[in-house]
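Notes for the one structure printed next.
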Amino acid sequence: MASPFSAAVLLALLAIQGEQLIQTDLAWDGAVSTPAFTELAVRATAGLDANVVLELVGPSMVVATNLQLHNGEPAVARMPVVSGDLDNTVLRYSVDGAPWQELDVDRLKHGPGKIVLVGESATDALSGVPGTTVVSAKELPGLSGAYSHVAALALGGEALGRLTEVQLRAFLEHVGLCGRVLLIDPSAQVAELVSQRAACGRRNFVTTSGEEDIAAVLDMLMSHRTDRLPDETALARLLDSRSSDIRLIAFYLGGFLVIFAVLTASPRARGTGLLFSVLLTVLAGFFWDGGNRHAFIAWAETTSTDSVARYASLERASAAGRGEQELRLQSLARSPMQVAGDALLLHWSEASSERYIDWSAPLLQEMHVFSMGSFPVEPRLRASADGGEVIVCNQSDGHTPPSYLRWQDRNYAVPALRPGERWAMDESSITFEASAHLKMLAQRTSYRELALLHPLGVPSNGSDQRAWLMTIETAVEALPCHA
């Protein structure tokens with residue numbers, strides 16, 4: 001920690017020479033294809049040790065993070081811009097508790113997704129292609145959500161070695177979300193590493209040598225269509241209705257009627273009783289701190305030949321009472337694509353376990369976080385269609401819960417299976433269950449696709465948490481299960 005004198009000196013230097021000591025860079029030079037999310041990198045260098053507190057202050061939310069400065073060493077803080085409203089957002093900083101100073105931030109530029117070139121190999125081969133932009137490896141974002149504005153990414157094999165751990169993690173997450181990636185002249189080890197993190201049947205990850213027509217390969221990659229994951233509106237349909245809010249309103253109404261009945265036992269006291277009933281009910285709602293209620297839903301998708309699944313999640317918190325609340329939401333572990341609510345203070349850290357939200361919520365207020373990411377997966381259930389017979393097989397070492405099979409626009413209920421057990425589809429297992437997750441399954445599959453849907457375990461963080469994994473069967477080999 002710097003002394004008060006040295007902090008004052010550093011603050012003066014930062015204020016006078018801010019452009020030299022502190023720089024702000026929006027991902028992709030501020031270009032966005034959607035207004036929901038991007039990344040702001042704040043880079044600083046100073047001759048003194050100090051702690052710089054950074055805050056992005058918007059109309060309904062503040063994003064705060066710390067930047068540790070050490071003698072002469074550059075430091076970078078990567079902040080999520082989740083409101084999409086930089087025109088009404090201020091970036092400010094404080095050095096070791098000194099008064100706040102403001103920094104200029106460029107505005108967002110809306111337009112179609114870019115084709116981004118990184119590294120000498122990609123730049124030399126594709127710099128003449130229309131719609132491309134060149135960035136250095138150090139300019140790549142550290143938050144995977146910032147890649148949502150990129151139509152395709154072409155990297156020289158040498159460029160991956162220049163990424164920091166944070167940047168590499170975000171890049172691999174982008175690959176796991178079916179981002180279009182062209183890797184030019186990679187080593188076999190690098191190609192295998194990236195390939196293992198690719199999703200969507202790996203059709204959006206392509207490697208090529210410098211001797212090929214790289215522009216033609218890029219054209220082929222751009223022709224690949226990627227199904228978008230469900231958005232927050234679609235995921236909200238998988239959550240329970242707001243029955244808890246209705247119960248809370250009923251509780252207040254019931255309390256009001258009880259108070260009114262007690263205070264108006266005498267006919268002469270009805271006017272006074274009504275007044276006191278209203279006042280007591282309002283005061284109870286004002287002072288009661290009922291905590292909050294959580295609801296979480298995640299929808300994940302993979303193919304039977306992928307080693308990762310991509311997912312979208314929606315986490316919702318509803319205030320059951322007034323007062324300060326600290327929300328440690330699992331959705332913040334990834335890049336939150338959207339955070340919505342009022343009076344939010346998002347504490348952001350490079351370490352995902354240290355991210356949380358301070359919330360000063362009035363009664364019945366609500367906030368939500370929409371995120372996307374990917375995770376490693378090994379298919380436990382496999383399905384095979386041979387002629388008219390469809391077989392489901394548990395190829396794992398553990399029991400699988402009851403699941404669903406979708407085939408030719410019909411849903412079938414699959415029972416719990418023991419390790420190595422197989423199950424044959426028949427007409428008696430057809431289910432007409434009108435649940436939200438089966439409606440989603442129908443929307444996400446085609447007539448000719450063989451798909452399995454089964455529940456996933458989610459770490460407990462509330463009363464309403466569910467996750468579903470949909471697996472599209474793409475392999476043709478025989479299943480190892482016995483009859």
Side-chain angles (χ1 to χ4, degrees), residues 25-28 36-43 63 65-68 74-82 116 118-119 122 135-150 152-183 186-187 189-200 202 204-205 207 229 298 300 302 306-313 328-337 339 346-356 369-377 459:
D25 298 299
L26 285 166
W28 323 118
F37 182 95
T38 191
E39 175 187 286
L40 177 68
V42 183
R43 297 179 172 87
V63 180
T65 193
N66 287 358
L67 187 60
Q68 295 292 334
V76 58
R78 301 180 183 275
M79 305 180 71
V81 181
V82 293
V116 177
V118 187
V135 303
S136 64
K138 72 175 183 179
E139 295 176 277
L140 288 182
L143 300 175
S144 60
Y147 280 100
S148 62
H149 309 295
V150 174
L153 188 67
L155 297 95
E158 76 285 351
L160 284 182
R162 302 172 190 164
L163 302 184
T164 65
E165 181 180 348
V166 172
Q167 288 176 307
L168 181 60
R169 186 165 58 242
F171 166 73
L172 292 176
E173 185 92 336
H174 172 62
V175 175
L177 285 167
C178 299
R180 298 188 188 95
V181 173
L182 171 60
L183 207 52
S187 66
Q189 183 179 8
V190 168
E192 178 63 19
L193 168 68
V194 181
S195 176
Q196 288 300 314
R197 296 297 299 271
C200 296
R202 303 177 185 174
N204 283 352
F205 172 63
T207 61
L229 287 167
T302 188
D306 287 339
S307 54
V308 297
R310 57 183 184 135
Y311 75 89
S313 69
R328 293 191 175 270
L329 306 179
Q330 55 192 301
S331 299
L332 297 177
R334 305 287 182 168
S335 287
M337 303 301 294
V339 181
L346 171 57
H347 295 270
W348 191 259
S349 171
E350 184 175 308
S352 60
S353 61
E354 299 177 9
R355 300 170 188 168
Y356 63 96
V369 180
F370 173 69
S371 295
M372 292 195 297
S374 61
F375 59 91
V377 64

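All values below come from the heavy atoms of this structure, side chains included, with hydrogens, waters and symmetry mates left out.
In this structure, Glu39 contributes its side chain and Leu143 its backbone to a donor-acceptor pair below 3.5 Å. A donor-acceptor distance shorter than 3.5 angstrom exists from the side chain of Gln167 to the backbone of Leu140, with no hydrogens or angles considered. Although no hydrogens or angles enter the test, the distance criterion places no donor-acceptor pair under 3.5 Å between the side chain of Ser349 and the main chain of Arg355. Judged by distance alone, the side chain of Asn204 and the main-chain N or O of Cys178 form a donor-acceptor pair under 3.5 Å. The backbone N or O of Val308 sits less than 3.5 Å from a side-chain atom of Thr302, completing a donor-acceptor pair.
Rounding to the nearest 0.5 angstrom, the gap separating the OG atom in Ser307 from the CZ atom in Arg202 is 5.0 Å. Taking CD of Glu139 as the reference point, atom CG of Leu26 lies at 12.0 Å (rounded to 0.5 Å). Of the inter-residue distances, the one linking Met337 atom CE with Thr38 atom OG1 reads 9.5 Å to the nearest 0.5 angstrom. The NE2 atom of His174 sits 11.0 Å away from atom OG of Ser374, with the distance rounded to the nearest 0.5 Å. In this structure, CD on Glu173 lies 9.5 Å from CE on Met372, to the nearest 0.5 angstrom.
More than 12 heavy atoms of other residues, nucleotides or ligands shown are found within 6.0 angstrom of CD on Gln68.
Under 3.5 Å, the side chains of Glu192 and Ser195 contain no donor-acceptor pair of N or O atoms.
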(request) Report the C-alpha distance between Leu155 and Phe171 in whole Å, list the side-chain angles of each, state the deciding distance to 0.1 Å, and finish with yes or no for side chain to side chain contact (heavy atoms under 4.5 Å, CB included). (result) CA-CA 11 Å; Leu155 297 95; Phe171 166 73; 3.7 Å; yes
(request) Test Leu160 against Leu183 for side chain to side chain contact (heavy atoms under 4.5 Å, CB included), laying out the working first. (result) CA-CA 9 Å; Leu160 284 182; Leu183 207 52; 4.1 Å; yes
(request) Would you please test Trp28 and Tyr147 for side chain to side chain contact (heavy atoms under 4.5 Å, CB included) and show each step? (result) CA-CA 9 Å; Trp28 323 118; Tyr147 280 100; 3.8 Å; yes
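Taking the six-membered ring for Trp, Trp348 and Tyr356 have ring centres at least 6.0 Å apart.
Using a 4.5 Å heavy-atom threshold, the side chains of Val339 and Phe370 count as separate.
Considering Val150, Leu172, Val175 in turn, Val175 is the only one that fulfils the side-chain contact (heavy atoms from CB on, under 4.5 Å) rule with Val181.
Taking the six-membered ring where the residue is Trp, Tyr311 and Phe375 present tilted rings, their angle falling between 30° and 60°.
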